Protein chains: 2
Amino acid sequence: MDICVTSLLRDKGFKVTPQRLAIYNALAATTAHPSAEMIYNELQPIYPTMSLATVYKTIEILKELNLVQILNVGEDSFRYDANTSNHPHVRCMCCGRVDDLHGIDSIDFVSRVSSQTDYTIQGQQFYFYGICPKCQNESAAKQ
Amino acid sequence: MDICVTSLLRDKGFKVTPQRLAIYNALAATTAHPSAEMIYNELQPIYPTMSLATVYKTIEILKELNLVQILNVGEDSFRYDANTSNHPHVRCMCCGRVDDLHGIDSIDFVSRVSSQTDYTIQGQQFYFYGICPKCQNESAAKQ
DNA sequence: GTCGCTGCAAATGATTTGCAGCCGA
DNA sequence: TCGGCTGCAAATCATTTGCAGCGAC
């Protein structure tokens, strides 16, 4: 993975720095879809001089290289995903966690939309909202 | 429509003011999914003392009354829709306009997702991205 | 007359930008 | 060496909040 990011950065004329690798690795190592601030807080202990600005600038570059995608789940801040495949996401309205939805085949749905609109469809984002298993259990336990 | 908004406001203990009616009417009269600033700019000539803060506060109330829904199409600002039915939206990546997608049946897709996740699904938002007919034509004309 | 509402101005908070010194190539 | 990069601080911008006077009821 690192080798891949390293060469991709170099190929596009970007310098390879410890911060950039750390930010990409932090994103690649989780499915929690962290926000910029969450990434910053996670790296702060390891890179005490790391700044939020660097996180934002790096994510901008990673987005250009198609190494991360940006999620807009309706919060005040964006979230980021190192899994750049076009998959739906679900957000827990109770605890705020954001998960991937695996194994959902949306090709039929997308092609149906494409054929029913005058737009040339180039991409899509599907966001679901609900209650995660953990919050369901906690809610049930309280009753 | 006005009668409906008026009584809904009153029923919930909110006062009925010209500003609130004007903001709701502005939203109900368009399918352009305006942002707060667009609504403000539209009403400014008619209500010269109207403030952006009032637009935001009113939209908050209209959301509580389920008279508008909030769209998060990946821009820096939110957009609002007086059509509160749960329908997909499409955004032109060229000119930025946001349109409704009518006649799309997503029930099968949603129920398939519901059955394949441990979440209790309570809602969803589908955003498509592409090029609108107008921009397609302009692009073709240039070639 | 009361109390919620408006609208101004100031505050907030996520993200961006400017810039001086640093460091990867 | 050298130009891009980091990280600090300041700027930006959408949205929210505080509050004094106003207006719906």
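Values in this document were obtained by computation on a predicted structure and should not be read as measured data. Quick note on labels: first sequence line is chain A, next is B, and so on, each numbered from 1.
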Using the rule side-chain contact (heavy atoms from CB on, under 4.5 Å), only one of A:T58, A:V68, A:L67 pairs with A:L27; which is it? A:V68
Any side-chain N or O of A:R20 under 4.0 Å from OP1/OP2 of D:dT6? yes
Is there, by distance only and without an angle test, a donor paired with an acceptor across the side chain of B:K57 and the base of C:dG7 below 3.5 Å? yes
Calculate the interatomic distance between A:M50 atom CE and D:dC5 atom P; express it in whole Å. 15 Å
Here's a test of your reading of the structure: between B:K15 and A:G13, which maps to the more 5' nucleotide of DNA chain D? A:G13
With respect to the side chain of B:Y56, which nucleotide from D:dC25, D:dT15, C:dA14 is positioned closest? D:dT15
Between C:dA14 atom P and B:E75 atom CD, what is the distance in whole Å? 20 Å
Would you mind telling me which residue lines up with the more 5' stretch of DNA chain C, A:L52 or A:P18, judged by nearest nucleotide? A:L52
Considering only side-chain heavy atoms of A:A36, which listed nucleotide, C:dG7, C:dT15, D:dT15, is closest? C:dT15
Are the charged groups of B:E64 and B:K12 less than 4.0 angstrom apart, N to O? no
Could you check which of C:dT6, D:dA14, D:dG7 has an atom nearest any side-chain atom of A:A53? D:dG7
Quick one: on DNA chain D, does B:T17 or B:D76 contact a more 5' nucleotide (nearest heavy atom)? B:D76
Does B:S51 have a side-chain nitrogen or oxygen under 4.0 Å from the phosphate oxygens OP1 or OP2 of C:dT6? no
If the cut-off is 4.0 Å, is B:Q19 near the phosphate of D:dG23, judged by side-chain N/O to OP1 or OP2? no
At 4.0 Å (heavy atoms only), tell me whether B:T49 reaches a base, stays on the sugar-phosphate, or touches nothing. sugar-phosphate
B:R10 vs D:dC25: side-chain N/O to OP1/OP2 distance below 4.0 Å: yes
Which atom pair, heavy atoms only, marks the closest approach of A:R97 to A:C132? CD-SG, 3.9 Å
Determine whether the aromatic ring centres of residues A:F126 and A:F109 are separated by less than 6.0 angstrom. yes
